[in-house]
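So that the names make sense, note that chain A is the first sequence line, chain B the second, and so on, each numbered from 1.
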2 protein chains.
Amino acid sequence: MGEYQCSCNGCELRSLFFENLEKGAYESMCAKKQQQLYPKGSLIYRQGEKISHFSYLKSGLVKLVRNIDDKNEQIICFARPLDFVSLLSIFSETCHQYSVIALEDSEICSLYLDEVKEMAMQNGRFALSLAEKINRASDNIILTMLNIRQRRLLGRIAYILLYFANEVYKSDVFDMPVSRKEIAEFIGMTTENVIRTLSEFRQDKIIKINGKTIEIADKEKLVQISLNA
Amino acid sequence: MGEYQCSCNGCELRSLFFENLEKGAYESMCAKKQQQLYPKGSLIYRQGEKISHFSYLKSGLVKLVRNIDDKNEQIICFARPLDFVSLLSIFSETCHQYSVIALEDSEICSLYLDEVKEMAMQNGRFALSLAEKINRASDNIILTMLNIRQRRLLGRIAYILLYFANEVYKSDVFDMPVSRKEIAEFIGMTTENVIRTLSEFRQDKIIKINGKTIEIADKEKLVQISLNA
DNA sequence: AGAAAGGCATGATAAATATCAGGACATGAT
DNA sequence: ATCATGTCCTGATATTTATCATGCCTTTCT
């Protein structure tokens with residue numbers, strides 16, 4: 001029996017496990033991983049479902065969504081690789097508080113939650129490290145919500161444009177992964193006003209819009225708007 | 001040397017430690033606790049300070065506040081006993097992300113963070129239990145922020161009135177622990193509009209106001225407003 | 001006591017945002 | 001091919017909220 005080699009060399013979560021688990025424990029955990037590809041638009045978890053897995057995003061982009069009623073949704077956050085997908089309530093609730101939906105083709109790696117918990121109980125260092133990461137994710141959500149709350153329409157749109165450019169795509173030209181409606185659900189304004197504001201930015205030559213592609217043409221001005229509106 | 005008896009019989013955090021720590025570890029931790037009384041209005045932690053203690057609220061009421069600039073503040077949440085005070089970033093950041101201020105005379109019990117962390121590393125069950133509690137606190141903050149975001153002025157005021165009545169004071173008559181300005185900072189509206197709305201509720205006989213004392217006179221209507229506005 | 005500052009209150013007006021309506025365009029289903 | 005659906009877009013209007021101004025009352029400071 002040859003030694004097991006984890007195939008996930010690019011997986012950022014490795015460090016978490018590596019640094020804190022015995023080699024044997026790490027490998028047995030890794031061996032049981034279930035990897036799955038969710039195409040763009042597909043539902044990864046449904047709000048209310050039982051949480052059975054500890055999941056993390058290897059590639060792609062997802063949104064966390066809260067269903068208020070039949071018609072209305074709130075987007076809690078967008079999550080990229082390294083942000084855990086089932087992050088929010090994994091240790092505190094038995095059911096998913098939010099739905100998770102793929103915005104781009106996304107690879108999810110899952111481990112049985114029971115086993116991760118078991119491992120955490122046996123290894124405090126691992127548990128603490130896990131808590132740290134989950135904590136940070138929650139913190140970021142709260143901080144972003146506060147940042148959005150303190151801005152008005154224009155500032156909120158500027159903020160989210162800068163978020164995608166700086167945090168997600170690391171480029172001032174990118175394909176907008178979300179619809180105007182989704183932006184509205186994220187910043188808590190109406191779809192019409194999101195559209196209007198983007199048009200306004202286009203007319204003021206702050207951004208260029210070409211189909212799904214957005215180019216930030218005047219970043220300085222966009223930053224100004226994000227700070228002052 | 002007689003056996004050490006923890007004096008904090010009413011402390012809800014006991015269970016967390018009790019269930020998960022060896023008696024010796026629990027007692028040595030408990031023996032080092034620092035208990036302090038913060039009078040109403042006093043600063044417990046200042047945003048930006050280094051986090052040195054693991055703290056929890058034994059009695060009283062506090063607010064978590066984010067200073068945006070010289071003049072403007074955002075209130076993140078109110079915390080009662082059982083909610084940890086230094087909860088948000090305790091494992092993920094080295095500095096307090098928010099200030100904590102006493103709204104009522106408050107007793108805080110503190111343990112050295114390093115020691116709690118050390119203990120968590122040595123005891124996975126304890127670490128997991130801690131993570132669970134901190135996780136739940138973050139979840140609640142996020143949920144409350146989403147609940148407020150989906151409402152408009154009247155709904156937000158109704159929501160916070162019901163929050164104090166149902167969650168904090170468990171009574172439809174209570175002394176409002178926060179100013180109109182603080183309500184405004186919490187719900188993200190202006191002070192004038194908070195005042196106006198409360199007056200409106202008073203005129204519509206939904207609440208009675210007598211100095212600091214609020215009485216919810218027509219709870220059914222208040223719930224309706226909270227759901228529809 | 002008197003002054004200063006802050007909380008509470010209300011009105012008038014301005015600004016921001018939502019709602020409603022309509023149309024162009026793309027996409028997917030039948 | 002055609003229909004239905006959904007997204008993007010714009011304008012007109014209504015609603016909601018913020019801002020500005022003012023006054024009263026209480027508390028705090030001196």
Side-chain angles (χ1 to χ4, degrees), chain A residues 39-42 63 68 70-75 101 103 148-161 175-204 207-214 225-226 228-229, chain B residues 39-42 63 68 70-75 101 103 148-161 175-204 207-214 225-226 228-229:
Chain A
K40 179 179 169 170
S42 60
K63 64 173 176 180
I68 305 179
D70 297 343
K71 276 287 154 197
N72 296 95
E73 294 187 346
Q74 283 177 305
I75 293 182
I101 294 170
L103 290 173
I148 287 176
R149 189 171 97 184
Q150 84 184 77
R151 289 167 165 80
R152 289 189 315 262
L153 178 59
L154 296 206
R156 290 180 188 188
I157 304 285
Y159 183 85
I160 196 177
L161 287 171
D175 280 4
M176 184 64 92
V178 294
S179 67
R180 313 289 195 257
K181 180 155 171 283
E182 285 168 315
I183 295 177
E185 288 168 345
F186 182 56
I187 66 171
M189 301 262 156
T190 59
T191 308
E192 291 96 322
N193 276 329
V194 172
I195 291 169
R196 242 185 282 271
T197 304
L198 286 172
S199 298
E200 197 178 313
F201 284 171
R202 175 170 42 70
Q203 282 157 24
D204 294 347
I207 61 172
K208 292 177 187 167
I209 304 177
N210 199 326
K212 278 274 170 197
T213 307
I214 300 259
I225 293 171
S226 150
N228 296 324
Chain B
K40 178 177 172 173
S42 61
K63 63 174 176 179
I68 305 179
D70 297 344
K71 274 287 156 201
N72 297 94
E73 295 186 344
Q74 284 177 305
I75 293 182
I101 294 171
L103 290 173
I148 287 175
R149 190 172 96 184
Q150 84 185 78
R151 290 168 164 79
R152 289 188 315 262
L153 179 58
L154 295 205
R156 290 179 188 189
I157 304 285
Y159 183 86
I160 196 177
L161 286 172
D175 279 4
M176 184 64 91
V178 294
S179 68
R180 314 289 197 256
K181 180 156 172 283
E182 284 169 317
I183 295 176
E185 287 168 346
F186 182 56
I187 67 171
M189 301 260 156
T190 59
T191 308
E192 292 96 321
N193 277 328
V194 172
I195 291 170
R196 242 186 284 271
T197 305
L198 287 173
S199 298
E200 199 179 310
F201 285 171
R202 176 171 40 74
Q203 282 156 24
D204 294 348
I207 60 172
K208 291 178 188 167
I209 304 178
N210 200 328
K212 279 273 169 198
T213 307
I214 299 258
I225 292 171
S226 150
N228 297 322

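Here B/Asn228 pairs with B/Gln224 under the side-chain contact (heavy atoms from CB on, under 4.5 Å) rule; sequence neighbours left out. Applying the side-chain hydrogen bond (donor to acceptor under 3.5 Å, both in side chains) test to B/Arg202 and every residue at least two apart in sequence or in another chain returns B/Ser199. Under the rule for a side-chain contact (heavy atoms from CB on, under 4.5 Å), the partners of B/Met189 that lie at least two apart in sequence or sit in another chain are B/Leu153, B/Arg156, B/Ile187. For A/Asp175, the side-chain contact (heavy atoms from CB on, under 4.5 Å) test picks out A/Thr213, with sequence neighbours left out. In terms of the side-chain hydrogen bond (donor to acceptor under 3.5 Å, both in side chains) criterion, residue partners of A/Gln150 (sequence neighbours excluded) are, by chain and number, B/Arg66. A/Thr190 is linked by a side-chain hydrogen bond (donor to acceptor under 3.5 Å, both in side chains) to A/Asn193, counting only residues two or more places apart in sequence or in another chain. Remark: B/Phe201 engages no residue in a ring-ring contact (aromatic ring centres under 6.0 Å, His included) (not counting sequence neighbours).
The minimum heavy-atom distance linking A/Ile160 with A/Phe186 is given by the pair CD1-CD2, 3.5 Å.
Annotation: of the two residues near DNA chain C, B/Ile209 and A/Leu153, the 5′-most nearest-nucleotide partner is B/Ile209. In terms of position along DNA chain C, the nucleotide closest to B/Lys181 lies nearer the 5' end than the nucleotide closest to the other residue of the pair A/Leu154 and B/Lys181.
Taking atom CD of A/Gln203 as the reference point, atom P of D/dC9 lies 11 Å away to the nearest angstrom. At whole-Å resolution of the value, CZ in B/Arg151 and C1' in D/dT16 are 17 Å apart. If you measure from atom CD1 of A/Ile214 to atom C1' of D/dC8, you get 12 Å, rounded to the nearest angstrom.
From one end of the helix from C/dA1-D/dT30 to C/dT30-D/dA1 to the other, with five pairs defining each end axis, the axis direction shifts by 50° (rounded to 10°).
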>> Please evaluate residues A/Leu161 and A/Leu198 with respect to the criterion side chain to side chain contact (heavy atoms under 4.5 Å, CB included), reporting the C-alpha separation (whole Å), side-chain torsions for both, the decisive distance (0.1 Å), and the verdict.
In response: CA-CA 10 Å; A/Leu161 287 171; A/Leu198 286 172; 4.1 Å; yes

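Along DNA chain C, the stretch of nucleotides lying under 4.0 Å from any heavy atom of chain B spans, 5' to 3', C/dC8 to C/dA12.
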> Which nucleotides of nucleotides 24-30 of chain D have their base under 4.0 Å from a protein heavy atom (B), which only their sugar-phosphate (S), and which neither (-), written as one string 5' to 3'?
Replying inline: -------

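Residues of residues 189-202 of chain A having a heavy atom closer than 4.0 Å to DNA chain C, listed by number: A/Met189, A/Thr190, A/Glu192, A/Asn193, A/Arg196.
Residue pairs meeting the salt bridge (charged side-chain N to carboxylate O under 4.0 Å, His left out) criterion with at least one partner in residues 176-195 of chain A, sequence neighbours excluded, are A/Lys63-A/Glu182, A/Lys181-A/Glu185.
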